[in-house]
Amino acid sequence: MDEQALLGLNPNADADFRQRALAYFEQLKVSQDAWQVCAEALAQSIYSDDHIKFFCFQVLEHQIKFKYSELTEVQQQLIRETLITWLQAQMLNPQPEKTFIRNKAAQVFALLFVTEYLTKWPKFFFDILSVVDLNPRGVDMYLRILMAVDAELVDRDVVHTSEEARRNTLLKDTMREQCIPSLVESWYQILQNYQYNNSELTCQCLEVVGAYVSWIDLSLIANERFINMLLGHMSVEVLREEACDCLFEIVNKGMDPTDKTKLVESLCQVLQSAGLFSIDQEDDVDFLARFSKLINGMGQALIASWTKLVKSGDIKSAQDTLQAIEAKVALMLQLLIHEDDDISSNIIGFCYDYLHILKQLSVLSDQQKANVEAIMLAVMKKLTYDEEYNFENEGEDEAMFVEYRKQLKLLLDRLAQVSPELLLASVRRVFNTTLQNWQTTRFMEVEVAIRLLYMLAEALPVSHGAHFSGDVTKATALQDMMRTLVTSGVSAYQHTSVTLEFFETVVRYEKFFAVEPQHIPTVLMAFLDHRGLRHTSPKVRSRIAYLFSRFVKSLNKQMNPFIEDVLNRIQDLLELSPPENGYQALLSSDDQLFIYETAGVLIVNSEYSAERKQVLMRNLLTPLMEKFKVLLEKLMMAQDEDRQMALADCLNHAVGFASRTSKAFSNKQTVKQCGCSEVYLDCLQTFLPALSCPLQKEVLRSGVRTFLHRMIICLEEEVLPFIPSASEHMLKDCEAKDLQEFIPLINQITAKFKTQVSPFLQQMFMPLLHAIFEVLLLPAEENDQSAALEKQMLRRSYFAFLQTVTGSGMSEVIANQGAQNVERVLFTVIQGAVDYPDPIAQKTCFIILSKLVELWGGKDGPVGFADFVYKHIVPACFLAPLKQTFDLADAQTVLGPECIQYLQQEYLPSLQVAPEIIQEFCQALQQPDAKVFKNYLKVFFQRAKP
């Protein structure tokens, strides 16, 4: 072997050596006999370097996986002998191989097993067992091979082809017949031999049993000698976690519901008599987490049996199974309430399914009602944050608790379905008790009390948030709790979790303020002062900015008395943060967007006259315009690039804020009706000069473009005078991305104003196309994928533009560009339909062609168009599906119904082709296999001749 290249296998080797090693590996993979060199190296232990051994196994793996059928009988025998020789050497070596080599070797054995077991090597496992006997190193390899075989046959994470799936089923069936009993016997011997002196091998063997039990005859494992041994392991500290998992797999095995109940019950009795149910004596949380998973499996298995028995009408067995389930509830509750969240989390599935049973019963016994209450109290307790939770710097542990809380929420929702009255009463009791003494109560208890009120909104669902009407008991209880929340003063609690929960709940139950509007001022003040938007924590301020905007929007008319006061109080929060160093604004620019939107909503939805609204809107937007002008001048003079970027960002924020205020308008409250057109037109005049700024073009253009999109919606035709000059500036020195973002603006104008903008479109049609073609023709490096993608996206935008123009009934815009230009445009569409392997663009092109044929195909169409149809459009319909890149099976690329319809109804009849041949042709055209269509074409042309 190339010793120099092998040096590169070492992870510490430099890049050149590593590159050479990779190239060598590729070379060996394609070589005819390189695998033999590797086989010899392994069989004779030529190399001591671990990375070279691993490399040799990789070469063998490739040979077996991809080129095995090319080998002769003798060569295949050589691979078998090599592996067995290597295995024999493992038991004699002074040191065991590294784990990664043993795992790779096991994978290679497993690959050879799936290839040869059914034909050449039926004694695969017996040969391995005869080599390893009970030698610990041999047993280790044997168990690893078994796990690798299981991974090949039943690993659900691996996607198998239908052929592989059939092969795997046959392999499992053959193994069940020929060797599984012997394998199970070998596992028993290994466990018996090593359970007290080699915990590692014992755990490995238990893992194998757990893996295979899902697809072998259960009676081979679920019998007295095996179960007794497993139960013995449950009291050995180093084995019990693996034994637990093994029992879980046994319980999980699919079987007859009555047999499943008997199996679970017999296991439970033995576990209970062994004292394993007394979990308060146990302090090993890792074991308890596995034990909780086992009990969860048992509970869910019994519930699945109960469901099947009820369905089949076996009421007696169903009753027995329900009793068995009820008997586990006390243990389930102990695990659910355990202080370790992993242990608690593992039992939630059983808990959830148990509540589902109770939901189906018409009457609950006293014990069942007590169970529901106990689960409810456990959920309330477990929802509580612990002291260690880091609110300022949330890491992995915090993320896991958030996920765990989501699981508990599902339990709470299920509780509400079983007994909504009990849930409401329990939450009310906890809530009232906690809020009476919130000043002296720990933050986590206050937070969870408010959280429970918040969660009731989803647990007791109503339509359109109408929690305060309908059912009087519920409405009264919620109203009382909301009144307590907003009048108790708890909003002043000095902990971010309580603060956020207070505001989240206030916004969730905004309908409360329609019933008791007298509390609005109190809550508004909380939003506006140090408890909300001026809180010390940036995280809290950010969330409150969003919640405040939702609160104001939802209350709408009820805000009327407070509008001017609120606008005055948020004045400082609306200031555009200058890009000067050291200036720390209270809110980020993203948060400020919400405040601007809120201000807009307050003004637009007010009951003021149009004149007053205009004054307020001008007061809101004038500071932005003035600041914009100053900053634009500064940008023009700025030399330093960082300074330029900071100024451009600031200018962009100003435009964004103005855009955001316009979201307050609606069909009922238009800009015109509110008397605000003039203010926004002033904004337009202020912002448009930024388009001619040569610096930071991308940022500035993007902001102004977004503003124009908004103004087209809000100002309608009043915006039209500004479009030509804006377009002219945006088409100067533009790149692919600029054009790609500019075209949707033109599409929006075209689709909205149609013939109104026809003169403008005619004027800018060719300049736009020239700009597009110029960018598309720019040379790009062959491997520059981002440039290729940008061009592809631009091409799509270009075709989308043509589709908008033709689809808006404005084909004359194209027709009036002069014969040469029209022809050039049409050829680009033909090219898009046929030459570019982009299904989205192709589909658009066929839609354009179809529309043009519809509009121009008659006598009144442009001169020469009919000729173009025959010479280019029809061939395109034929050529596109014949391209290698044209995927006829892809829903995106199936020849547009438009094209097929055109051929079927217009073009082919015009050639006097018989109707039955047309039908046959169109069916062949839609065949997923392009070859079928190619072959059919010859027949078609012969038959279609007159």
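Positions are given from 1, in the same order as the sequence printed here.
Pairs of residues two or more places apart, or lying in two chains, that qualify as salt bridge (Lys or Arg N to Asp or Glu O under 4.0 Å) and include a residue from residues 220-233 are Glu185-Arg225. Among pairs with a residue in residues 168-177, those fulfilling salt bridge (Lys or Arg N to Asp or Glu O under 4.0 Å) read Asp173-Arg176, at least two apart in sequence or across chains. Sorted by first and then second residue, the side-chain hydrogen bond (donor to acceptor under 3.5 Å, both in side chains) pairs involving residues 342-352 (not counting sequence neighbours) are Ser344-Tyr404, Ser345-Gln407, Tyr352-Arg414. Under the salt bridge (Lys or Arg N to Asp or Glu O under 4.0 Å) criterion, the residue pairs touching residues 109-125 are Arg80-Glu116, with sequence neighbours excluded.
Thr321 and Ser305 are not linked by any side-chain donor-acceptor pair at a separation below 3.5 angstrom, with hydrogens and angles left out of the test. Side-chain contact of Asn296 with Gln300: a donor-acceptor pair under 3.5 Å is present, judged by distance alone. One side chain, Gln367 or Asn371, offers a donor N or O that lies under 3.5 Å from an acceptor on the other. Between Glu249 and Tyr212, the side chains place no donor N or O within less than 3.5 Å of an acceptor N or O (distance only, hydrogens not considered). Side-chain N/O atoms of Lys104 and Gln107 include a donor and acceptor closer than 3.5 Å. Using a 3.5 Å distance cut-off with no hydrogens or angles, the side chains of Tyr142 and Ser186 do pair a donor with an acceptor. Judged purely by distance below 3.5 Å, without hydrogens or angles, the side chains of Glu73 and Gln77 never pair a donor atom with an acceptor atom. Side-chain atoms of Asp314 and Ser312 form no donor-acceptor pair, as typed in the model, at a separation below 3.5 Å.
Considering only residues two or more places apart in sequence or on other chains, Lys328 meets the salt bridge (Lys or Arg N to Asp or Glu O under 4.0 Å) condition with Glu265. For Gln195, the side-chain contact (heavy atoms from CB on, under 4.5 Å) partners are Gln192, Thr202, Met229, His233, Leu239, not counting sequence neighbours. Checked against salt bridge (Lys or Arg N to Asp or Glu O under 4.0 Å), Lys311 has no partners two or more places apart in sequence or in another chain. A search for salt bridge (Lys or Arg N to Asp or Glu O under 4.0 Å) contacts involving Lys382 returns Asp341, not counting sequence neighbours. Considering only residues two or more places apart in sequence or on other chains, Glu241 meets the salt bridge (Lys or Arg N to Asp or Glu O under 4.0 Å) condition with Arg290. Evaluation of the ring pair (Phe, Tyr, Trp, His ring centres under 6.0 Å) rule for Phe113 yields Tyr117, Phe124, Phe125 as partners, not counting sequence neighbours. Residues that satisfy the side-chain contact (heavy atoms from CB on, under 4.5 Å) test with Val264, not counting sequence neighbours, are Val251, Lys260, Cys268, Met298, Ala301, Leu302.
Checking side-chain atoms of Ser45 against main-chain N and O of Ala41 turns up no donor-acceptor pair under 3.5 Å. Side-chain N or O atoms of Ser292 include none that pairs as donor or acceptor with a backbone N or O of Leu288 at under 3.5 Å. Within the 3.5 Å criterion, the main-chain N or O of Leu220 finds a donor-acceptor partner in the side chain of Asn223. Side-chain atoms of Glu207 do not come within 3.5 Å of backbone N or O of Glu242 as any donor-acceptor pair. In this structure, Lys359 contributes its side chain and Val418 its backbone to no donor-acceptor pair below 3.5 Å. The closest donor-acceptor contact from the side chain of Gln368 to the backbone of Ser365 lies under 3.5 Å.
Contact annotation: the side chain of Cys244 never approaches that of Lys293 to less than 4.5 Å [non-hydrogen atoms, C-beta and beyond]. Between Asn168 and Leu171 the shortest side-chain heavy-atom distance falls below 4.5 Å. Leu247 has its side chain within reach of Met234: a pair of non-hydrogen atoms, C-beta onward, lies under 4.5 Å apart. By the 4.5 Å heavy-atom criterion applied to side chains, Phe277 and Phe291 are counted as neighbours. Between Asp127 and Trp121 the shortest side-chain heavy-atom distance falls below 4.5 Å. Residues Leu87 and Phe109 have side chains in contact (heavy-atom distance under 4.5 Å, counting atoms from C-beta outward). With contacts defined as side-chain heavy-atom distances shorter than 4.5 Å, the pair Lys53/Asp50 qualifies. Here the side chains of Val270 and Leu276 are not in contact, with every heavy-atom distance at 4.5 Å or above.
Within 6.0 Å of CD in Glu200 there are 12 or fewer heavy atoms belonging to other residues, nucleotides or ligands. Within a 6.0 Å sphere centred on CZ of Phe100, other residues, nucleotides and ligands contribute more than 12 heavy atoms. The environment of NZ in Lys381 is sparse: at most 12 heavy-atom neighbours from other residues, nucleotides or ligands sit within 6.0 Å. In Met255, the CE atom is crowded: over 12 heavy atoms of neighbouring residues, nucleotides or ligands sit closer than 6.0 Å. Around atom CD of Gln360, more than 12 heavy atoms belonging to other residues, nucleotides or ligands sit under 6.0 Å away. Surrounding CD of Glu70 are more than 12 heavy atoms belonging to other residues, nucleotides or ligands, all under 6.0 Å away. Heavy-atom neighbours of Lys262 NZ from other residues, nucleotides or ligands within 6.0 Å: at or below the threshold of 12.
From Lys308, atom NZ reaches atom OG1 of Thr261 across 10.0 Å, with rounding to the nearest 0.5 Å. Put simply, CD1 on Ile79 and CG on Leu83 are 7.5 Å apart, with the number rounded to the nearest 0.5 Å. Here Leu71 contributes atom CG and Gln76 contributes atom CD; the two are 5.5 Å apart, rounded to the nearest 0.5 Å. Note that CG of Leu153 and OG1 of Thr169 are 9.0 Å apart. Values are rounded to the nearest 0.5 Å. Atom-to-atom distance recorded for Asp320:CG and Ile325:CD1 is 11.0 Å, nearest 0.5 angstrom. Between the OH atom in Tyr354 and the CD1 atom in Ile347 there is a gap of 13.0 Å [rounded to 0.5 Å].
For Trp187 and Phe226, the distance between ring centers is not under 6.0 angstrom. Between Phe57 and Trp86, the gap from one ring centroid to the other is short of 6.0 Å.
Nearest approach of Cys246 to Val209, heavy atoms of both residues: SG-CG1, 3.5 Å. Smallest separation of non-hydrogen atoms from Leu60 and Ala39: CD2-CB, 4.3 Å.
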Under 3.5 Å, which donor-acceptor pairs link side chains of residues 133-141 to any protein atom two or more places apart or in another chain?
residue	atom	partner	partner atom	Å
Asn135	OD1	Arg137	N	2.8
Asn135	OD1	Gly138	N	3.0
Arg137	NH1	Gln90	O	3.3
Arg137	NH1	Asn93	O	2.3
Arg137	NH2	Asn93	O	3.3
Arg137	NH2	Pro94	O	3.0
Asp140	OD1	Arg102	NH1	3.3
Asp140	OD1	Arg144	NE	3.3
Asp140	OD1	Arg144	NH2	3.2
Asp140	OD1	Gln204	NE2	3.3
Asp140	OD2	Arg102	NH1	3.0
Asp140	OD2	Arg144	NE	3.0

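In this structure, Arg240 pairs ionically with Asp284, as a charged nitrogen and a carboxylate oxygen lie closer than 4.0 Å.
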